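Just so you know, these numbers come straight off a predicted model, no measurement behind them. Remember, it's 1-based here, ligands and their atoms both numbered in the order they're listed.
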Amino acid sequence: MKILGIESSCDETAAAVVEDGRKVLSNVIASQVEEHKIYGGVVPEIASRRHTEAICSVVEKALSDADCTINDIDAIAVTYAPGLIGALLVGVNYAKGLSYSTGIPLVPVHHLRGHIAANYISDEALKPPFVSLVVSGGHSHIINVKDYTDFEIIGRTRDDAAGEAMDKAARTVGLPYPGGVNLDKVSVNGDENKYKFPVPKVADSKYDFSFSGLKTFAVNLVHNASQKGETVKAADLGASFIKAVTDLLVSHTMEAVKDFGAEKIVLAGGVSANSRLRRIMEEKCKSKGIKLYKPELKYCGDNAAMIASQGYYEFTAGKKADLTLNAVASMPITEL
Ligand code: KG4
Ligand code: ZN
């Protein structure tokens with residue numbers, strides 16, 4: 001079964017064709033990063049306009065790269081939540097138009113479910129149940145994935161998302177957008193023990209995260225140093241910050257895995273590209289005899305192959321939308 005996936009929730013216009021949820025036949029991404037860079041972050045109005053300009057050619061290229069036409073497609077899967085509302089609407093309305101004009105079924109896909117599904121592409125043997133750490137620019141969750149379409153939230157951030165915190169720390173040390181990946185790069189040679197960050201605790205949950213205090217700590221470090229005429233090395237601050245964030249992500253996930261009796265951990269979302277997170281999680285899992293799954297780097301960030309993959313499982317579970325489908329800016333992963 002061939003699924004056409006469409007993704008436009010943030011600043012990538014993407015389309016892909018995936019067979020039976022696992023085999024990527026094409027994966028096209030038109031990134032807007034260069035344009036948003038000058039503003040230091042994504043400008044929603046610009047994002048919507050660029051999606052509108054790119055969507056037709058991106059979908060056409062996804063079909064031609066997969067060596068097929070729209071008539072070979074069994075279902076159209078589209079990200080409908082969560083994300084920037086104007087950006088989501090472009091993909092949703094394009095998918096609705098395509099479904100209406102061709103009679104091909106329309107399947108709504110939750111963006112974070114898609115991030116988890118990136119792992120079904122990277123490892124054909126992976127099957128639920130497992131515990132997933134989903135860390136993106138807008139969300140940080142520990143999820144109990146009971147089945148392909150059955151999710152339970154174990155833990156979540158109470159304030160900033162992990163990716164958002166990475167982006168803010170990057171800006172503090174003068175690195176350009178996209179912050180997280182640049183912070184990762186400069187930190188590789190930094191001293192991660194140079195600055196001792198506090199360990200944030202959330203009062204009534206051992207699984208929930210809080211990252212805003214770490215961000216404030218980084219900002220204060222830089223300000224205090226500059227008042228004394230000193231400079232903070234981006235590599236050292238970055239490495240220490242990444243250590244603080246990733247240690248928290250790893251320890252809470254390991255706690256959840258122990259309590260829920262899981263045997264597999266699945267990393268997902270843009271921050272799952274972080275080199276220290278991947279390395280430390282691998283070490284921890286090895287020592288505990290837990291199998292770790294990580295998306296290939298090209299499927300960590302936003303893409304439509306992951307949406308087509310999850311779309312396959314949603315469609316085979318009976319999920320379909322009609323032309324009343326709307327985009328939703330905020331929606332829990334558990335919503336049906
Ligand atoms: O999943 P994603 O591509 O988009 C959203 O759904 O939000 O995640 C983007 C986030 C950004 O905050 C970005 O800085 C972060 O993922 N990110 C990283 C790395 N690559 C991307 N954070 C840390 N290290 C990286 N290598
Ligand atoms: Zn994403």
Do the side-chain N and O atoms of Glu7 and Ser9 include a donor-acceptor pair separated by under 3.5 angstrom? yes

Pairing donors with acceptors under 3.5 angstrom, does anything connect the side chains of Tyr177 and Asp11? yes

How far is [atom] from its nearest protein heavy atom, and which residue and atom is that?
atom: atom 24 (N) of ligand 1; answer: Asn274 ND2, 3.0 Å
atom: atom 15 (C) of ligand 1; answer: Val271 CG2, 3.9 Å
atom: atom 2 (P) of ligand 1; answer: Asp302 OD1, 3.5 Å
atom: atom 6 (O) of ligand 1; answer: His111 NE2, 3.1 Å
atom: atom 9 (C) of ligand 1; answer: Gly137 N, 3.6 Å

For Asp184 and Ser275, run side-chain hydrogen bond (donor to acceptor under 3.5 Å, both in side chains): C-alpha distance rounded to whole Å, both residues' side-chain angles, the deciding distance at 0.1 Å, then the answer. CA-CA 7 Å; Asp184 193 359; Ser275 52; 2.6 Å; yes

Of the choices [options], which has the non-hydrogen atom that lies closest to [atom]?
atom: atom 13 (C) of ligand 1; options: Leu183, Asp184, Asp167; result: Asp167
atom: atom 19 (C) of ligand 1; options: Asp11, Leu297, Val181; result: Val181
atom: atom 22 (N) of ligand 1; options: Gly301, Gly180, Ser275; result: Gly180
atom: atom 1 (O) of ligand 1; options: Glu12, His115, Met166; result: His115
atom: atom 20 (N) of ligand 1; options: Ser272, Gly238, Gly270; result: Gly270

Are Arg49 and Glu45 ion-paired here, with the side-chain N under 4.0 Å from a carboxylate O? yes

Should Gly163 be counted as touching ligand 1, given the test is an N or O pair under 3.5 Å? yes

Are any N, O or S atoms from His115 nearer to the Zn ion (ligand 2) than 2.8 Å? yes

Taking the six-membered ring for Trp, are the ring centroids of Phe315 and Tyr313 within less than 6.0 Å of each other? no

May I ask you to check whether Tyr195 and Phe241 place their ring centers less than 6.0 Å from one another? no

How wide is the angle at the Zn ion (ligand 2) between OD1 of Asp302 and NE2 of His111, to the nearest 10°? 100°

What orientation do Phe217 and Phe197 show, parallel under 30°, tilted 30 to 60°, or perpendicular over 60°? tilted

Parallel, tilted or perpendicular: which describes the rings of Phe209 and Phe211, with under 30° parallel and over 60° perpendicular? parallel

Is it true that Leu325 and Ile85 fall in one hydrophobic cluster, defined by side-chain heavy atoms closer than 4.5 Å? no

Hey, does Pro178 sit under 4.0 Å from ligand 1 if you only count heavy atoms? no

Nearest-0.5 Å distance, CE of residue Met166 to OG1 of residue Thr246: 6.5 Å

For Gly138, atoms of ligand 1 separated by under 4.0 Å from a heavy atom: 7 (O)

